[in-house]
Amino acid sequence: MSIFSGEGNTDTILETLLTYSALEKSAPVQQDADSDDFSSDCEGNFLDDFTDIDSSSDTEEIINPGSDEESKLLYLTKMGYSEAEASVAMERCGPDSSIAELTDFICAAQMAKAADALFPVEDRKPFCNGSNYNKRRNLSYDLWKRKKQMKLEKKLLNEDDDALHLPNPMIGFGVPTEPDLITQRTLPEAAVGPPYFYYENVALAPKGVWSTISRFLYDVEPEFVDSKFFCAAARKRGYVHNLPIENRFPLLPFPPRTIHEAFPLTRKWWPSWDPRTKLNCIQTCTASARLTERIRKALEAYDGEPPLNVQKYVLDECRKWNLVWVGRNKVAPLEADEVEMLLGFPKNHTRGGGMSRTDRYKSLGNSFQVDTVAYHLSVLKDMFPGGINLLSLFSGIGGAEVALHRLGIPLKNVVSVEISEVNRNIVRGWWEQTSQRGTLIDIADVQELNGDRLEQLMSRFGGFDLVVGGSPCNNLAGSNRHHRDGLEGKESSLFFDYCRILDLVRCMQRNQ
DNA sequence: CACAAGATGAGTTTCTCT
DNA sequence: AGAGAAACTCATCTTGTG
């Protein structure tokens, strides 16, 4: 079994990583904080380190004892990498590879297999070779053994990263409506700004994804928050940021927090057997007219309450498609402007500008919940009374910009990177409509934002105060039947561009 | 071509019931 | 506790229509 599972995107990721590590600073993936630049001084340390390692303990195969290869192997294992990882890396990178190249390779490999890191043992197929009696006799034993092994691994895994378990209730360090509030945390030293950064993605990503994200973002513990504590719709998201968490304040007025408050007219038609008070997560697709018609017909056949099986069918569909009651036996999907309101955007924010109805739902479904994000960003208001310079990656329809604006934090200079032209139009339109006095620069492709371009922008603005980004979730989201490939997926791997750019900004800002 | 509708589960967490 | 059921999820691909 190869560490690279053959998905074509790993090359690109590797490339990104290599440019990223070429910055000659401590890579955030690096586990040992004490070795800042191991590529230059590791050579001298080889033999010293070599002596105090018990080389016979866990080596399965000895390759040329005393050779350069083995020294590297030991060095890597001492750095905390497994022996398997180290030897694969050496095999792939060749005998003359430096330690830096090897660690780069390993971290790319770890990343590439993050999704299936759950059960790293090779496929056990207890009866792969035909059908003899003995094998059949062993079947139940094998199954039992396998089950036991799985249980054990699960247990180990759980104990291993229980720091990344989703909190229940999902309130992160706190939300305005709940009493439990954490106001103190200690950030890893490497994470302390400037600039401040704020990264977002779906909370329910495949296993291992969030620990990878956290590892790449200076080991900052993600804050998992469900936006149902801020509005009438659920939205479970993880946020990794280095902002202070004391003295946060919410946007006012509070948005409606139940379906009935948000849509008072639905109350009249809401059947008693539909217990929902919150909507589910707003997604990118919406129910068709024909589905609502099917539901109407299913209900029409009954005078009073429909039988339980019909209730269940209707409720399941309502939950799946976020339908609300708009008439007798009539359900309907949310209108786009209603979604805008739920997510905290101004009405008609996504209207016009070349947006089709489908586009509108898609852009909204991919966006921030403004009140949630604003609550986290609110701490910036007192710190930057004169306004901030913002670097906004994967801006979408400008959730971060809207949040800061609604908080009353002036936007001095905003560099916004967004691939979709209609989305850029939306943000541009909003920018002009709200009479912003700062400068908005939009860039289509993150790849365009290389060191030179950043240097040019930063010298013009004097650096960035905040780097915001919610990288694509396509390959992480549960709704994706086809390519839920994890962080190495085609779109979701852009996360590593967020890291690359954030790192560049931090590095340049520090050296100015 | 643009747009809309319909078909397409799995992976995880959370709830429920012994 | 723990096994099984239920609930939930920032989606993609193909087809139809104008």
Side-chain angles (χ1 to χ4, degrees), chain A residues 114-119 147 150-151 154-155 157-158 161-162 164-170 199-210 224-228 231 233-239 275-276 278-294 312-313 315-322 333-334 336 339-340 342-345 350 354-370 372-373 394-397 399-400 418 420-423 469-486 489-492 494-495:
Chain A
D116 49 332
L118 182 52
F119 300 117
K147 205 167 175 184
M150 304 251 288
K151 228 175 186 172
K154 199 164 188 177
K155 202 167 197 171
L157 198 84
N158 285 346
D161 62 2
D162 56 357
L164 285 187
H165 273 172
L166 301 174
N168 190 9
M170 197 182 278
Y199 174 82
E200 178 259 10
N201 217 320
V202 290
L204 284 72
K207 279 188 175 169
V209 165
W210 273 107
F224 292 105
V225 183
D226 189 338
S227 292
K228 75 176 181 184
C231 71
R235 204 168 188 79
K236 297 182 183 67
R237 296 294 180 269
Y239 306 88
R276 291 177 299 155
K278 300 270 185 186
L279 291 164
N280 277 337
C281 183
I282 286 160
Q283 303 194 109
T284 56
C285 295
T286 189
S288 67
R290 249 161 269 181
L291 174 68
T292 61
E293 177 63 4
R294 278 200 296 274
K312 178 166 168 41
Y313 161 70
L315 269 179
D316 283 349
E317 295 296 323
C318 284
R319 288 190 166 116
K320 184 196 232 169
W321 292 103
N322 260 340
L334 297 173
V339 177
E340 286 167 350
L342 285 171
L343 292 178
F345 289 93
T350 56
M355 294 281 267
S356 74
R357 191 185 140 82
T358 323
D359 284 342
R360 225 175 143 184
Y361 280 112
K362 184 169 179 183
S363 292
L364 284 164
N366 281 313
S367 173
F368 287 167
Q369 205 288 325
V370 170
T372 312
V373 171
F394 320 108
S395 308
I397 55 175
E418 168 59 37
S420 152
E421 189 185 346
V422 284
N423 283 349
S471 65
C473 67
N474 307 22
N475 311 116
L476 311 177
S479 307
N480 191 337
R481 272 104 152 133
H482 297 91
H483 303 107
R484 197 182 187 186
D485 305 327
K490 193 176 171 204
E491 286 84 18
S492 294
L494 289 173
F495 162 70

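Worth saying up front: this structure is predicted, and the values here are computed from it rather than measured. Below, each value reflects all heavy atoms present in this structure, side chains not excepted, and no hydrogens, waters or symmetry copies.
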- Message: I want to confirm an ordering. Mapping A:Lys320 and A:Lys236 to their closest nucleotides on DNA chain B, which one lands closer to the 5' end?
- Response: A:Lys320
- Comparing A:Arg294 and A:Ser479 on DNA chain B - which has the more 5′ nearest nucleotide: A:Arg294
- In DNA chain C, consecutive runs of at least three Watson-Crick or G-U pairs below 3.5 Å, as range with range, amount to B:1-8 with C:11-18, B:10-18 with C:1-9
[X] near the nucleic acid: base, sugar-phosphate alone, or nothing, with a heavy-atom cut-off under 4.0 Å?
{"X": "A:Arg290", "answer": "sugar-phosphate"}
{"X": "A:Ser471", "answer": "base"}
{"X": "A:Cys473", "answer": "base"}

Just to confirm, is there a sub-4.0 Å distance from OP1 or OP2 of [N] to any side-chain nitrogen or oxygen of [X]?
{"X": "A:Asn480", "N": "C:dT9", "answer": "no"}
{"X": "A:Lys312", "N": "C:dA5", "answer": "no"}
{"X": "A:Asn474", "N": "C:dC10", "answer": "no"}
{"X": "A:Asn168", "N": "B:dC15", "answer": "yes"}
{"X": "A:Gln283", "N": "C:dC10", "answer": "no"}
{"X": "A:His483", "N": "C:dC13", "answer": "yes"}

Between [X] ([atom1]) and [N] ([atom2]), how many Å, whole number?
{"X": "A:Leu204", "N": "C:dA11", "atom1": "CG", "atom2": "C1'", "answer": "15 Å"}
{"X": "A:Asn366", "N": "C:dT12", "atom1": "CG", "atom2": "C1'", "answer": "13 Å"}
{"X": "A:Arg481", "N": "C:dC13", "atom1": "CZ", "atom2": "P", "answer": "13 Å"}
{"X": "A:Asp226", "N": "C:dA7", "atom1": "CG", "atom2": "C1'", "answer": "14 Å"}
{"X": "A:Phe224", "N": "B:dT12", "atom1": "CZ", "atom2": "P", "answer": "14 Å"}
{"X": "A:Phe345", "N": "C:dC10", "atom1": "CZ", "atom2": "P", "answer": "16 Å"}
{"X": "A:Leu166", "N": "B:dT14", "atom1": "CG", "atom2": "C1'", "answer": "11 Å"}
{"X": "A:Asp359", "N": "B:dC1", "atom1": "CG", "atom2": "P", "answer": "16 Å"}

[X] side chain: which of [options] is closest?
{"X": "A:Ser288", "options": "B:dA4, C:dC10, B:dA5", "result": "B:dA5"}
{"X": "A:Glu200", "options": "B:dT13, C:dA7, C:dC10", "result": "C:dC10"}
{"X": "A:Asn201", "options": "B:dT12, C:dT9, C:dC10", "result": "C:dC10"}

- Task: Report yes if a donor N or O on one partner sits less than 3.5 Å from an acceptor N or O on the other, where the partners are the side chain of A:Arg235 and the base of C:dC10; otherwise report no.
- Result: yes
- Query: Would you say the side chain of A:Arg237 and the base of C:dC10 hold a donor-acceptor pair, judged only by whether the two atoms sit under 3.5 Å apart?
  - Reply: yes
- From the list A:Met355, A:Glu340, A:Gln283, side-chain contact (heavy atoms from CB on, under 4.5 Å) with A:Leu364 holds only for A:Glu340
- For the side-chain contact (heavy atoms from CB on, under 4.5 Å) test, which of A:Thr358, A:Asn366, A:Asp359 pairs with A:Lys362? A:Asn366
Restricting to non-hydrogen atoms, name the atom on [X] and the atom on [Y] that form the minimum distance, rounded to 0.1 Å.
{"X": "A:Arg235", "Y": "A:Phe368", "value": "NE-C, 4.4 Å"}
{"X": "A:Ala203", "Y": "A:Phe224", "value": "CB-CD2, 3.7 Å"}
{"X": "A:Pro333", "Y": "A:Thr292", "value": "CD-CG2, 3.9 Å"}
{"X": "A:Leu204", "Y": "A:Lys236", "value": "CD1-CD, 3.6 Å"}
{"X": "A:Arg237", "Y": "A:Cys281", "value": "NH2-SG, 3.7 Å"}

- Message: Quick check on A:Glu421: does its CD atom have over 12 non-hydrogen neighbours (other residues, nucleotides or ligands) under 6.0 Å away?
- Response: no
- Query: For atom P, what is the distance between C:dT9 and B:dA7, given to the nearest Å?
  - Reply: 22 Å
- Note on the structure: With sequence neighbours left out, the residues meeting salt bridge (Lys or Arg N to Asp or Glu O under 4.0 Å) with A:Glu317 are none
